[in-house]
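Have a look at the structure below, then the notes.
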Amino acid sequence: MPELPEVETVRRVLAIQLIGKTIQSSIIRYEKMIKRTSVVDFQSRIVGKKVDSISRKGKYLLFHLGIETLVVHLRMEGKFYLKHPEDVWEKHEHLELAFTDGTSLRYHDTRKFGTFELYAPGETFEGGLGEITYEPIDEAFDRQQFIQKVRKSHRPIKAILLDQSVIAGLGNIYVDETLFRAKVHPERRGNTISIKEIEKIATESRLVLEKAVELGGSTIRSYTSSLGVTGRFQNELFVHTHAGEPCPVCQTTILKTRVAGRGTYLCPTCQKRRK
DNA sequence: AACAGACCCTGAGGGC
DNA sequence: TGCCCTCAGGGTCTGT
């Protein structure tokens with residue numbers, strides 16, 4: 001499940017592979033992936049456009065195609081492969097962009113959750129990120145505003161950290177790791193967490209994401225030969241996916257529970273319910 | 001306004 | 001062996 005580090009890794013590989021290429025045609029085999037515009041509109045607007053650059057906002061990939069911006073979210077299983085139009089279509093491949101140089105980009109998504117959206121100039125992309133994107137690794141990250149948002153919320157801190165309008169880029173894996181490193185129990189309500197602890201959360205989230213980006217993200221499912229998605233950060237995970245094993249800090253058995261509707265890993269000794 | 005829950009979708013894994 | 005059921009999950013939409 002790609003989170004910020006995985007998406008950033010994919011972005012870097014795609015940038016090397018695709019910048020400068022011009023889209024000659026496209027094939028869309030699963031139309032529900034295309035949001036905002038009709039499929040016909042989508043296809044006619046991207047044809048002939050050149051990939052100028054590829055950027056990222058939280059977990060969203062932004063393909064800058066001249067005056068158009070193609071915004072892609074991989075959700076849990078989305079993957080890109082560089083192929084050729086004549087290649088046989090694999091199961092779960094739903095879309096292809098064919099370029100004028102004879103190569104093509106295939107999109108593979110087992111669960112069909114990924115989305116493709118086209119934005120024209122003047123159409124603002126917010127994409128569930130709220131008015132501003134707060135990535136903890138971004139220089140513009142507003143720590144004070146983050147503290148205020150956490151302090152005024154009565155939700156469990158895990159739910160708050162998964163909310164992309166509060167802090168962008170964290171998903172289930174990195175929230176668990178951040179809270180473990182900050183020694184905060186995932187069920188604690190935002191308004192019960194001290195400013196010092198929230199600062200620790202902000203710091204740890206940044207360190208976790210930076211390290212994960214450096215290692216190319218985490219590979220939890222076995223992605224094979226997909227562009228970019230074979231990271232090494234899974235070796236750095238302290239609690240996520242380690243239920244039943246000893247905590248690396250205190251040897252207490254790591255628990256798996258459910259918080260905010262998500263599978264959640266934690267150390268009950270290091271992460272106290274109360275301060 | 002804030003928050004909880006359903007929904008989208010398919011494969012994996014457990015139970016029988 | 002194989003069928004049925006449940007679960008997983010990010011973001012959006014709907015309901016309270």
Side-chain angles (χ1 to χ4, degrees), chain A residues 1-8 10-11 28-37 56-62 71-79 89-95 107-117 119 124-135 145-146 148-178 186-193 205 209 212 217-224 226 229 234 237 239-244 255-265:
Chain A
M1 64 210 77
E3 301 181 26
L4 185 154
E6 291 76 24
V7 177
E8 175 60 19
V10 171
R11 186 198 69 76
I28 292 154
R29 296 166 49 125
Y30 182 67
E31 303 199 341
K32 287 172 76 176
M33 288 192 320
I34 309 299
K35 307 295 182 185
R36 300 189 79 247
T37 60
R56 182 187 55 72
K57 196 169 183 183
K59 304 175 199 171
Y60 289 84
L61 280 170
L62 283 70
V71 179
V72 177
H73 196 300
L74 305 172
R75 285 302 200 278
M76 274 76 71
E77 313 246 0
K79 299 182 253 303
W89 283 75
E90 304 287 336
K91 193 178 183 186
H92 304 308
E93 285 184 346
H94 307 305
L95 176 148
Y107 178 72
H108 181 289
D109 189 342
T110 310
R111 293 194 185 160
K112 299 180 174 174
F113 272 19
T115 55
F116 287 66
E117 307 175 292
Y119 288 77
T124 49
F125 163 62
E126 294 181 358
L129 299 177
E131 293 174 6
I132 306 169
T133 304
Y134 299 95
E135 281 180 24
Q145 198 150 6
F146 174 65
Q148 294 311 313
K149 286 191 177 186
V150 173
R151 292 280 284 179
K152 73 171 191 186
S153 174
H154 292 230
R155 303 154 80 191
I157 184 64
K158 171 138 189 179
I160 299 171
L161 296 181
L162 286 170
D163 184 340
Q164 303 296 300
S165 69
V166 175
I167 184 167
L170 293 174
N172 206 29
I173 300 171
Y174 296 112
V175 166
D176 282 0
E177 293 302 309
T178 295
E187 288 178 17
R188 285 182 57 194
R189 309 273 160 179
N191 60 326
T192 71
I193 302 175
S205 68
L209 290 179
S218 301
T219 308
I220 284 190
R221 290 166 183 274
S222 52
Y223 290 96
T224 53
S226 159
V229 198
Q234 66 275 15
L237 298 175
V239 290
H240 199 85
T241 71
H242 289 295
L255 293 182
K256 183 179 183 188
T257 62
R258 200 167 178 83
V259 182
R262 297 281 182 264
T264 299
Y265 299 83

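Naming: A, B, ... by sequence-line order, numbering from 1 per chain.
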**Report entry** Salt-bridge present (D163(A), K149(A); N to O < 4.0 Å)
**Finding:** no

Query raised in the report: For H154(A), what residues pass the ring-ring contact (aromatic ring centres under 6.0 Å, His included) criterion, not counting sequence neighbours?
Result: none

Query raised in the report: With a non-hydrogen cut-off below 4.0 angstrom, is K91(A) in contact with a base, only sugar-phosphate, or nothing?
Result: sugar-phosphate

Requested in this report: Could you tell me whether the side chain of L74(A) reaches within less than 4.5 Å of the side chain of Y107(A), counting heavy atoms only?
Outcome: yes

What pairs of nitrogen or oxygen atoms, one from the protein and one from nucleotides 1-3 of chain B, lie under 3.5 Å apart?
from   : atom 1 : to      : atom 2 : distance (Å)
dC3(B) : OP1    : S153(A) : OG     : 3.4
dC3(B) : OP1    : H154(A) : N      : 2.9

Requested in this report: Give the rounded distance in Å between these two atoms: NE2 of H94(A) and C1' of dT10(B).
Outcome: 10 Å

Measure all distances between protein nitrogen or oxygen atoms and nitrogen or oxygen atoms of nucleotides 14-16 of chain C, and list the pairs falling under 3.5 Å.
none

Query - Closest heavy-atom pair and its distance - F113(A), R75(A) - result: O-CG, 3.0 Å

Query - Result of checking K57(A), K59(A), R56(A) against E135(A) for side chain to side chain donor-acceptor pair (under 3.5 Å) - result: R56(A)

Check: protein-nucleotides 7-9 of chain B nitrogen or oxygen pairs below 3.5 Å:
from   : atom 1 : to      : atom 2 : distance (Å)
dC9(B) : OP1    : Y30(A)  : OH     : 2.8
dC9(B) : OP1    : K32(A)  : NZ     : 2.3
dC9(B) : O4'    : R111(A) : O      : 3.4

Report task. State, yes or no, whether a side-chain contact exists between I34(A) and L95(A) at a heavy-atom distance under 4.5 Å. Result -> yes

Report task. Would you indicate, yes or no, if dG10(C) has its OP1 or OP2 atom less than 4.0 angstrom from a side-chain nitrogen or oxygen of Q164(A)? Result -> no

Query - Residue-phosphate contact under 4.0 Å: R258(A) side-chain N/O, dC7(C) OP1/OP2 - result: no

Requested in this report: Could you tell me the separation between the NZ atom of K35(A) and the P atom of dG11(C), rounded to a whole number of Å?
Outcome: 14 Å

Query raised in the report: If we only count heavy atoms from C-beta on, is the K35(A) to H73(A) side-chain gap below 4.5 Å?
Result: no

Requested in this report: Find out whether R29(A) and E93(A) are in side-chain contact, i.e. whether some heavy atom of one side chain is under 4.5 Å from a heavy atom of the other.
Outcome: no

Query - Between C1' of dG10(C) and CG of L161(A), the distance in whole Å - result: 15 Å

**Report entry** Nearest-angstrom distance from the residue atom CD of E3(A) to C1' of dG9(C)
**Finding:** 11 Å

Query raised in the report: Who are the ring-ring contact (aromatic ring centres under 6.0 Å, His included) partners of H108(A), not counting sequence neighbours?
Result: Y81(A), H92(A)

Requested in this report: Would you kindly give the OH-to-C1' distance between Y60(A) and dG10(C), to the nearest whole Å?
Outcome: 8 Å

Requested in this report: Rounded off to whole Å, could you give me the CZ-to-C1' distance for the R262(A) and dG5(B) pair?
Outcome: 11 Å

Query - Spacing of D163(A) atom CG relative to dG10(C) atom P, expressed in whole Å - result: 13 Å

Requested in this report: For H94(A), check side chain to side chain donor-acceptor pair (under 3.5 Å) against everything at least two apart and list the hits.
Outcome: none

Query - Nearest-Å distance for atom pair CD/P, residues E77(A) and dC7(C) - result: 18 Å

Requested in this report: Walk me through it: do H240(A) and N172(A) pass the test side-chain contact (heavy atoms from CB on, under 4.5 Å)?
Outcome: CA-CA 9 Å; H240(A) 199 85; N172(A) 206 29; 3.9 Å; yes

